[in-house]
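The analysis underlying the following values was restricted to heavy atoms, covering all of them including side chains, and did not include hydrogens, waters or symmetry mates. Computed from a predicted model, the values in this text were never measured in an experiment.
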Amino acid sequence: MVSRHYWLMKSEPSTFSIDDLARSPGQTTSWDGVRNYQARNFMRTMAVGDQVLFYHSNADPPAVVGIAEVVRIAYPDSTQFDKKDKHYDPNSKPSEPKWDMVDIKYVRAFSNPLALDDLRRDPKLKAMVLLKKGSRLSVQPVTLGEWQHILHLAKH
DNA sequence: GCCAACGTTGGC
DNA sequence: GCCAACGTTGGC
């Protein structure tokens, strides 16, 4: 069996929510705008079929709200060359793009979103990157154990 | 809106 | 290569 990898990706719902993803053409979107090297490097290791926890940050409450999956591996983020884009990077050359994006596709939204507060209280999730103090990574790895436990929680 | 934590930039 | 200043993230 092919081993999948698991991830968590953050988005502010006021900018792009899981409902926006579900309504996107083909229920798919390109994850542009990542401007952090660590997050970019994680995206570069993603494979088609990798599973993603969709997280709403700056939300009330902040929560894991559903699942998406990777449908296209990392390729240059076009917004880095667009002067009018908020994420324009004058230091990036088309011959040597600094920033990548992946495409993700909607899988499902949880009927009961898992609030950050509840995740924090769960001893099984103590080691989650999301819950580490000061952690701001917008793209982060999730272990198989964490993934399975979160899916289990989402059923209740 | 506040602010702690973190990442990046640039002067030296 | 250090580190102060600045900008951003994101919970509260």
Could you tell me the separation between the [atom1] atom of [X] and the [atom2] atom of [N], rounded to a whole number of Å?
{"X": "Asp60(A)", "N": "dG10(C)", "atom1": "CG", "atom2": "P", "result": "16 Å"}
{"X": "Lys133(A)", "N": "dC3(B)", "atom1": "NZ", "atom2": "C1'", "result": "13 Å"}
{"X": "Asn41(A)", "N": "dG7(B)", "atom1": "CG", "atom2": "C1'", "result": "14 Å"}
{"X": "Gln38(A)", "N": "dT9(C)", "atom1": "CD", "atom2": "C1'", "result": "14 Å"}

Task: First encountered from the 5' end of DNA chain B, between Ser135(A) and Asn58(A) - done: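 Looking at the nearest nucleotide for each, Asn58(A) comes out on the 5' side.
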Open item on the list: Is it the case that dT8(C) (base atoms only) and Arg136(A) (side chain only) share a donor and an acceptor within less than 3.5 Å, ignoring hydrogens and angles?
Closed with: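 Donor-acceptor pair under 3.5 Å: yes.
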Task: Lys10(A) side chain near dG10(C) phosphate (N/O to OP1/OP2, under 4.0 Å) - done: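 Lys10(A) to dG10(C) OP1/OP2: side-chain N or O found under 4.0 Å.
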- [ ] Taking Arg44(A) for its side chain and Asp100(A) for its backbone only, find out whether a donor-acceptor pair lies under 3.5 Å.
- [x]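 Not confirmed, Arg44(A) side chain does not pair with Asp100(A) backbone.
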- [ ] Quickly, which of Thr143(A), Asp118(A), Leu153(A), Val142(A) forms a side-chain contact (heavy atoms from CB on, under 4.5 Å) with Leu125(A)? Name it, please.
- [x]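 It is Leu153(A), the one option of Thr143(A), Asp118(A), Leu153(A), Val142(A) that forms the side-chain contact (heavy atoms from CB on, under 4.5 Å) with Leu125(A).
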TODO: Measure the acute angle between the ring planes of Phe16(A) and Trp31(A), then classify it against the limits of 30° and 60° as parallel, tilted or perpendicular.
DONE: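 Perpendicular.
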Open item on the list: Side-chain heavy atoms nearer than 4.5 Å, only ILVMFWY residues, links allowed to pass through others: does that put Leu114(A) and Ile67(A) together?
Closed with: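 Yes, Leu114(A) and Ile67(A) fall within the same hydrophobic cluster.
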- [ ] With the side chain of Tyr37(A) defined as its heavy atoms from C-beta on, choose the nearest nucleotide among dT8(B), dG11(C), dG7(B).
- [x]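 Out of dT8(B), dG11(C), dG7(B), the nucleotide with an atom closest to Tyr37(A)'s side chain is dT8(B).
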